[in-house]
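Working notes for the structure below.
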Amino acid sequence: MPELPEVETVMRGLSARLLGRTITHAATHRPDMRWPFPQGLAARIQGSRIGSFRRRAKYILMRLSERDGTADSVLIHLGMSGRMNIAAVGANEIPLHEHVTLHTDDGWRIGFVDPRRFGSVDLIPTAAEDQHRLLQALGPEPLGGDFNAKHLQARLAGRATPIKAALLDQSNVAGLGNIYVCEALFRASISPERLAGSLTPAEIKRLVRVAKQTLVEAIAAGGSTLRDYAQPDGELGYFQHAFRVYGRIGEPCEHCPGPPKCSGIQRIVQSGRSSFYCPRTQR
DNA sequence: CAAGAATCCTGTCAGC
DNA sequence: TGCTGACAGGATTCTT
């Protein structure tokens, strides 16, 4: 899925096109994705003006202007394969795997496409956004000041789980996914198999620094384009060209001579997910 | 409680 | 070509 940099990029794309527009028509094309859509979703957002956008972890919050004394936010998660298509209003047929469609007063059609349907859409009161069950247990934003060595140290202390899994745990830090955890661990020269509680203060400090750095660079690149991710306007992110270990099995890492002197980047499976790392430089 | 596995779903690609 | 199995950016829920 889209991890934090991709979600941030999608949110910026939506914001550029939709801010201040009115939703003239909304429709759902099935009753659910990861979870059932809230009752009357389409009818409840139809006629609303889009006031602002916010990202929290890998969630997008589209805030609607006040109606009948309360303001609601549309909570969107892109799951693994979710995409937002923005196009000029054209043919009437619904593209394959488009589950929600919005139309704006200035003639744009926004389609939420998600083949695997791990994504979700909910409608919640803006005033209670962070109390939502999906947001309530999230850890700090990785790019915020609250994600620092002291915080991470406290969260990792005594933990017997691999650091890889600890960083994917959204209650420790919210927004890192498989790619950026692999990349951050490489940059910090820490093996994904190290037990979380065994990291030294110096390593934790380094990890926090390079994780932020990786995300900042990825956002600047417009995210990473793998199979099916694209920005709302169809632009492709290009951070995938900057991957140092992700998907690069057998290649030498940037510090190593590579085969035959060194077997290069390896792939292992940890809690069902691929970890890519260099066993020689990551200890 | 904590850690790991199973689960939801579809598409794509490698190998035979 | 067509079939099969592995794998994919996530995160909850179920087992041990």
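So that the names make sense, note that chain A is the first sequence line, chain B the second, and so on, each numbered from 1.
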**Study point:** A:Arg206: salt bridge (Lys or Arg N to Asp or Glu O under 4.0 Å) partners, not counting sequence neighbours
**Key:** none
Exercise for review: Please report, rounded to the nearest Å, how far the P atom of B:dG4 is from the NZ atom of A:Lys164.
Suggested key: 12 Å
Review point. Which part of the nucleic acid does A:Gln170 contact within heavy-atom distance under 4.0 Å: base, sugar-phosphate only, or nothing?
Key: sugar-phosphate
Point to revise | A:Val245 side chain reached by A:Arg248 side chain, heavy atoms, under 4.5 Å | key: no
Check your understanding: Quick check, are the ring centers of A:His77 and A:Tyr59 under 6.0 angstrom apart?
Key -> yes
Review point. Between C:dG10, B:dG4, B:dT10, which one does the side chain of A:Arg34 approach most closely?
Key: C:dG10
Exercise for review: Please name the pair of heavy atoms, one in A:Pro140 and one in A:Phe147, separated by the smallest distance, quoted to 0.1 Å.
Suggested key: CB-N, 4.0 Å
Practice item. Determine the Euclidean distance between corresponding P atoms of C:dA6 and B:dA6; express it in Å to zero decimal places. Key: 13 Å
Practice item. May I ask you to verify whether the side chain of A:Arg116 and the base of B:dC9 hold a donor-acceptor pair under 3.5 Å? Key: yes
Practice item. Among C:dA8, C:dT12, B:dG11, find the nucleotide with the atom closest to the side chain of A:Pro115. Key: B:dG11
Practice item. Give a yes/no answer on whether the side chain of A:His97 brings an N or O atom under 4.0 Å of OP1 or OP2 in B:dC9. Key: no
Practice item. Verify the contact: side-chain N or O of A:His77 to OP1 or OP2 of C:dG10, cut-off strictly under 4.0 Å; return yes or no. Key: no
Exercise for review: Mind calculating the distance between CZ (A:Phe118) and C1' (B:dT7) to the nearest angstrom?
Suggested key: 8 Å
Check your understanding: Heavy-atom distance under 4.5 Å between the side chains of A:His132 and A:Ser73, does that happen here?
Key -> no
**Study point:** Side-chain N or O of A:Ser81 closer than 4.0 Å to phosphate OP1/OP2 of B:dG11
**Key:** no
Study note, to complete from the structure: Out of B:dC9, B:dG4, C:dA8, minimum distance to the side chain of A:Ser274 belongs to C:dA8
Check your understanding: What is the distance from CG of A:Asp114 to C1' of B:dT10, rounded to the nearest Å?
Key -> 9 Å
Exercise for review: Enumerate the residues from residues 183-194 of chain A whose closest heavy atom to DNA chain B is under 4.0 Å, giving them by residue number; use none for an empty result.
Suggested key: none
**Study point:** Same-atom distance (P) from B:dC9 to C:dC14, integer angstrom
**Key:** 15 Å
Exercise for review: Verify side chain to side chain donor-acceptor pair (under 3.5 Å) between A:His97 and A:Asp114, making sure each step is shown before the conclusion.
Suggested key: CA-CA 6 Å; A:His97 302 309; A:Asp114 182 10; over 6 Å; no
Exercise for review: For A:Arg133, answer base if it contacts any base atom (sugar-phosphate contacts may also be present), sugar-phosphate if it contacts only those atoms, and nothing otherwise; contact means non-hydrogen atoms under 4.0 Å.
Suggested key: nothing
Study note, to complete from the structure: When rounded to whole Å, the CD to C1' distance for the pair A:Glu3 and C:dA8 reads 12 Å
**Study point:** Evaluation steps, side chain to side chain donor-acceptor pair (under 3.5 Å), between A:His29 and A:Thr101
**Key:** CA-CA 8 Å; A:His29 309 304; A:Thr101 310; 2.6 Å; yes
Practice item. Write down the distance between CZ (A:Arg273) and C1' (B:dG4), rounded to a whole number of angstrom. Key: 14 Å
**Study point:** A:His25 and A:His103 aromatic ring geometry - parallel, tilted or perpendicular at 30°/60° bounds
**Key:** tilted
Check your understanding: Does A:Arg159 put a side-chain nitrogen or oxygen below 4.0 Å from OP1 or OP2 of B:dA3?
Key -> yes
Check your understanding: Between A:Lys205 and A:Ala149, which heavy-atom pair has the shortest distance, and what is it?
Key -> CA-CB, 4.1 Å
Point to revise | Distance-minimising heavy-atom pair for A:Gly177 and A:Leu168 | key: C-CD2, 3.4 Å
**Study point:** Closest nucleotide among C:dA8, B:dG11, B:dC9 to the A:Arg117 side chain
**Key:** B:dC9
Practice item. Check whether any side-chain N or O of A:Gln282 sits under 3.5 Å from a backbone N or O of A:Pro192 as a donor-acceptor pair, and report yes or no. Key: no
**Study point:** A:Glu6 CD - C:dG10 P separation (whole Å)
**Key:** 9 Å
Review point. Roughly, in whole Å, what's the span from CG in A:Leu176 to P in C:dA11?
Key: 10 Å
Review point. To the nearest Å, how far apart are A:Arg155 CZ and B:dC1 P?
Key: 14 Å
Practice item. Give DNA chain C the dot-bracket treatment, 5' to 3': Watson-Crick (N1-N3 with N6-O4 or O6-N4) or G-U (N1-O2, O6-N3) under 3.5 Å, [ ] crossing, | other strand. Key: .|||||||.|||||||
Practice item. Scan A:Ala160 against the nucleic acid and name what it touches under 4.0 Å (heavy atoms): base, sugar-phosphate only, or nothing. Key: sugar-phosphate
